[in-house]
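To keep things clear, I will list the structure first and then write my remarks on it.
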Amino acid sequence: MSKPRILVTGGTGYIGSHTTVELINAGYDVVIFDNLSNSNIEVLDGIEAITGVRPAFIKGDVNDIATLDCLFQAYPGIEGIINFAASKAVGESVQKPLLYYRNNLNSLMNLLEMVEKYQVKGFVFSSSCTVYGEPDVNPVTEESPIKPATSPYGNTKQISEEIITDFIHSGANFHAIILRYFNPVGAHPSALIGELPIGVPQNLIPYLTQTAIGIRKELSVFGDDYDTPDGSCIRDFINVVDLAKAHVIAVKRMIEGKSADKIEIFNLGTGNGVSVLELINTFESATGVKVPHRITGRREGDIEKVWANPERANKVLGWTAETPLADTMRNAWKWQQHLAEKK
Ligand code: WQD
């Protein structure tokens, strides 16, 4: 029996590459479509080294609907799409809102047109806890209020969810699963794939590991005057492989038509709130490596505290984020050391 074919847009990116590995391991035939604007073609070598399979790769932009249509002609029978391809830097989105609205929303609408034209059964959308803004109550459930976005990036996630919902309510015949990620961190335990920030990392973990290895002089902790036990912000740091596995379950659920609902939303988090300073301590004790850091001013737009109630994903998907944070920190460090050896 042929393997179900899944299109992964943005599949050479951080979460896309880890999800591709888990899809291949689960017996799916993966086609990656990526414009390499924020990733590196060498990621395919890592995926092949881990799985023994080199996924089909087409370089292209999801905003180019003609190229996208050619892809569906060249690879018939695509049963599911996981859409990672989007711009994702919160700060950059404030500086370049039109780029973010055009790229993230236009590409989504192109893909949804392909879903209808080629009768794709399932569509997984990569959303974010950023849609909750600064929650009134933690942990947040999928019913927690959607707050006004604090950045164009976050707004594109909220609008994207509405576009998908409206399209399904218009009668489009497919299943959608919206996955709201909390803070994905870490790397594959093989250290053959991981986060590949281009330029100065905006996210905490890549900056932390680059500081630990000496690329950066010290890590700035953006504020310790928040209303939290140690004053630093609190997040729900979820292991990227655990996150990837949730996508495989979501694809299977839709292809096999397991859900009566045409659209489902799940929070993907551990359910544990961890502060920035706690995370630094966890990294140092897990690896034995010190991270020079200093408290600086707050970063504009930062949420004070947000962590997930993942019960719906636990119960409905049968999925739980199970990797201990110390193991995740060790894997993040192994990946940073692998990058240093490659230089
Ligand atoms: C985490 C915490 C910072 C860097 C955003 C998006 C989310 C997702 C991940 C794309 C914050 C602190 C950070 C540093 C620090 N988007 N920090 N020093 O902002 O929670 O989430 O990125 O993948 O949708 O909202 O992630 O890693 O930038 O910050 O103190 O050098 O670490 O203040 O409290 P964030 P982050």
(message) As an exercise, state the distance from OG1 of Thr287 to CE of Met329, rounded to the nearest 0.5 Å.
(response) 9.5 Å
(message) Please tell me whether Ile82 and Leu243 are part of a single hydrophobic cluster in this structure, the criterion being side-chain heavy atoms less than 4.5 Å apart.
(response) yes
(message) Using modelled atom types and a 3.5 Å cut-off, is there a donor and acceptor pairing between side-chain atoms of Asn138 and backbone atoms of Lys305?
(response) yes
(message) What's the separation between atom SG in Cys129 and atom OH in Tyr181, rounded to the nearest 0.5 Å?
(response) 12.0 Å
(request) For Ile249 and Phe266, run side-chain contact (heavy atoms from CB on, under 4.5 Å): C-alpha distance rounded to whole Å, both residues' side-chain angles, the deciding distance at 0.1 Å, then the answer. (result) CA-CA 12 Å; Ile249 296 170; Phe266 297 98; over 6 Å; no
(request) Would you check if Gln210 and Pro197 make a side-chain contact, meaning some heavy-atom pair closer than 4.5 Å? (result) yes
(request) May I ask you to decide if Thr323's main-chain N or O and Asp242's side chain share a donor-acceptor pair within less than 3.5 Å? (result) yes
(request) Determine the sole option in Ile178, Ile265, Asn309 for which the side-chain contact (heavy atoms from CB on, under 4.5 Å) test with Glu142 is passed. (result) Ile265
(message) Does any part of the side chain of Arg54, heavy atoms only, come nearer than 4.5 Å to the side chain of Asp45, both counted from C-beta?
(response) yes
(request) Could you check Val140, Leu268, Asn267 and say which one makes a side-chain contact (heavy atoms from CB on, under 4.5 Å) with Arg180? (result) Asn267
(message) Can a donor-acceptor pair be found, under 3.5 Å and without considering hydrogens, that links the side chain of Lys157 to the backbone of Val131?
(response) no
(message) So for atom CD, which belongs to Glu134, do other residues, nucleotides or ligands contribute more than 12 heavy atoms lying within a distance under 6.0 Å?
(response) yes
(message) Applying a strict under-4.5 Å side-chain criterion to I, L, V, M, F, W and Y, I'd like to know whether Ile32 and Ile50 cluster together.
(response) yes
(message) With heavy-atom distances below 4.5 Å as the criterion, would you say the side chains of Leu196 and Tyr14 are in contact?
(response) no
(message) Using the rule side chain to side chain donor-acceptor pair (under 3.5 Å), only one of Asn104, Asn203, Asn38 pairs with Lys88; which is it?
(response) Asn203
(request) Using modelled atom types only, decide if a donor and an acceptor are shared between the side chain of Asp236 and the backbone of Gly271 within a distance under 3.5 Å. (result) yes
(message) If you define the side chain from C-beta out and look only at heavy atoms, does anything of Trp319 sit under 4.5 Å from Asn314?
(response) yes
(request) Decide yes or no for Phe57 and Val43: does some side-chain heavy atom of the first lie under 4.5 Å from some side-chain heavy atom of the second? (result) no
(request) Would you please test Arg330 and Asp327 for salt bridge (Lys or Arg N to Asp or Glu O under 4.0 Å) and show each step? (result) CA-CA 5 Å; Arg330 274 188 282 271; Asp327 292 352; 2.7 Å; yes
(message) As a quick check of understanding, evaluate side-chain hydrogen bond (donor to acceptor under 3.5 Å, both in side chains) for Tyr153 and Ser87, giving each step before the final call.
(response) CA-CA 8 Å; Tyr153 160 79; Ser87 303; over 6 Å; no
(message) Quick check on Arg298: does its CZ atom have over 12 non-hydrogen neighbours (other residues, nucleotides or ligands) under 6.0 Å away?
(response) yes
(request) Answer yes or no: is there a side-chain heavy-atom contact under 4.5 Å between Lys59 and Ile41? (result) no
(request) Answer with yes or no after comparing the ring centroid distance for Phe84 and His18 against a 6.0 Å cut-off, counting only values under it. (result) no
(request) Verify, without hydrogens or angle tests, whether Asp261 (side chain) and Glu264 (backbone) share a donor-acceptor contact under 3.5 angstrom. (result) no
(request) Please report the closest heavy-atom contact between Ala85 and Val62, naming both atoms and the distance. (result) CB-CG2, 3.9 Å
(request) Indicate, with yes or no, if Ile295 and Leu208 share a hydrophobic cluster defined by side-chain heavy-atom contacts under 4.5 Å among Ile, Leu, Val, Met, Phe, Trp and Tyr. (result) yes
(request) Using a 4.5 Å cut-off on heavy atoms from C-beta on, say whether the side chain of Met254 contacts that of Lys121. (result) no
(request) Specify the closest pair of heavy atoms between Val120 and Phe174, including all atoms of both residues, with the distance to one decimal. (result) O-CB, 3.4 Å
(message) Please tell me whether Leu105 and Leu112 are part of a single hydrophobic cluster in this structure, the criterion being side-chain heavy atoms less than 4.5 Å apart.
(response) yes
(request) Evaluate the side-chain contact (heavy atoms from CB on, under 4.5 Å) criterion for residues Ile163 and Ile159: first the C-alpha distance (whole Å), next the side-chain angles of each, then the deciding distance (0.1 Å), finally the verdict. (result) CA-CA 6 Å; Ile163 290 171; Ile159 298 169; 3.9 Å; yes
(message) When you measure from the side chain of Gln158 to the backbone of Pro148, do you find a donor-acceptor pair of N or O atoms at a distance under 3.5 Å?
(response) no
(request) Look only at the side chain of Glu92 and the backbone of Val90, and say whether a donor-acceptor pair between them is shorter than 3.5 Å. (result) no
(request) State whether the number of non-hydrogen atoms from other residues, nucleotides or ligands found under 6.0 Å of Lys252 atom NZ is greater than 12. (result) no
(request) For the pair Phe283 and Trp333, name the ring-plane relationship: parallel under 30°, tilted 30 to 60°, perpendicular over 60°. (result) perpendicular
(message) Please give me the minimum heavy-atom distance between Pro310 and Gly269, naming the atom from each residue.
(response) CB-O, 3.5 Å
(request) Assess whether atom NZ of Lys315 is packed by more than 12 heavy atoms of other residues, nucleotides or ligands within 6.0 Å. (result) no
(request) First locate atom CG of Asn103, then atom CG of Asn35, and finally report the distance between them rounded to the nearest 0.5 Å. (result) 7.5 Å
(message) Which heavy atom of Ile303 sits nearest to which heavy atom of Pro135, and what is that distance?
(response) CG2-CD, 4.1 Å
(request) Answer yes or no: are there more than 12 heavy-atom neighbours, outside Glu311 itself, under 6.0 Å from its atom CD? (result) no
(message) What verdict does the side-chain contact (heavy atoms from CB on, under 4.5 Å) test give for Leu179 and His247, after you've listed the backbone C-alpha separation in whole Å, the side-chain angles of each residue and the deciding distance to 0.1 Å?
(response) CA-CA 8 Å; Leu179 300 177; His247 290 74; 3.6 Å; yes
(message) Using the side chain to side chain donor-acceptor pair (under 3.5 Å) criterion, which residues pair with Ser107? Sequence neighbours excluded.
(response) none
(request) Measure from the side-chain N and O atoms of Thr141 to the backbone N and O of Glu143, and report whether any donor-acceptor pair falls under 3.5 Å. (result) yes
(request) Using a 4.5 Å cut-off on heavy atoms from C-beta on, say whether the side chain of Phe125 contacts that of Leu111. (result) no
(request) Report whether Val30 and Ile58 are members of the same hydrophobic cluster (ILVMFWY, side-chain heavy atoms less than 4.5 Å apart, transitive linking). (result) no
(message) Test side-chain contact (heavy atoms from CB on, under 4.5 Å) on Val200 and Arg216; report intermediate values, then the result.
(response) CA-CA 9 Å; Val200 178; Arg216 308 286 165 198; 3.9 Å; yes
(request) Kindly compute the distance separating OG1 (Thr20) from CD1 (Ile193), expressed to the nearest 0.5 Å. (result) 8.0 Å
(request) Starting at NZ of Lys334, measure out to CD of Gln337 and round the result to the nearest 0.5 Å. (result) 9.5 Å
(request) Return yes if some donor-acceptor pair links the side-chain N/O of Trp307 with the main-chain N/O of Ile234 below 3.5 Å, else return no. (result) no
(request) Would you check if the side chain of Asn106 reaches a backbone N or O of Arg102 as a donor-acceptor pair within less than 3.5 Å? (result) no
(request) Could you tell me the separation between the SG atom of Cys233 and the CG atom of Asp224, rounded to the nearest 0.5 Å? (result) 10.0 Å
(message) Once salt bridge (charged side-chain N to carboxylate O under 4.0 Å, His left out) is applied, what residue pairs with a partner in residues 15-32 remain, sequence neighbours excluded?
(response) Arg5-Asp29
(request) Answer yes or no: does atom NZ of Lys262 have more than 12 heavy-atom neighbours from other residues, nucleotides or ligands under 6.0 Å? (result) yes
(request) Verify side-chain hydrogen bond (donor to acceptor under 3.5 Å, both in side chains) between Tyr100 and Gln95, making sure each step is shown before the conclusion. (result) CA-CA 10 Å; Tyr100 272 69; Gln95 311 304 325; over 6 Å; no
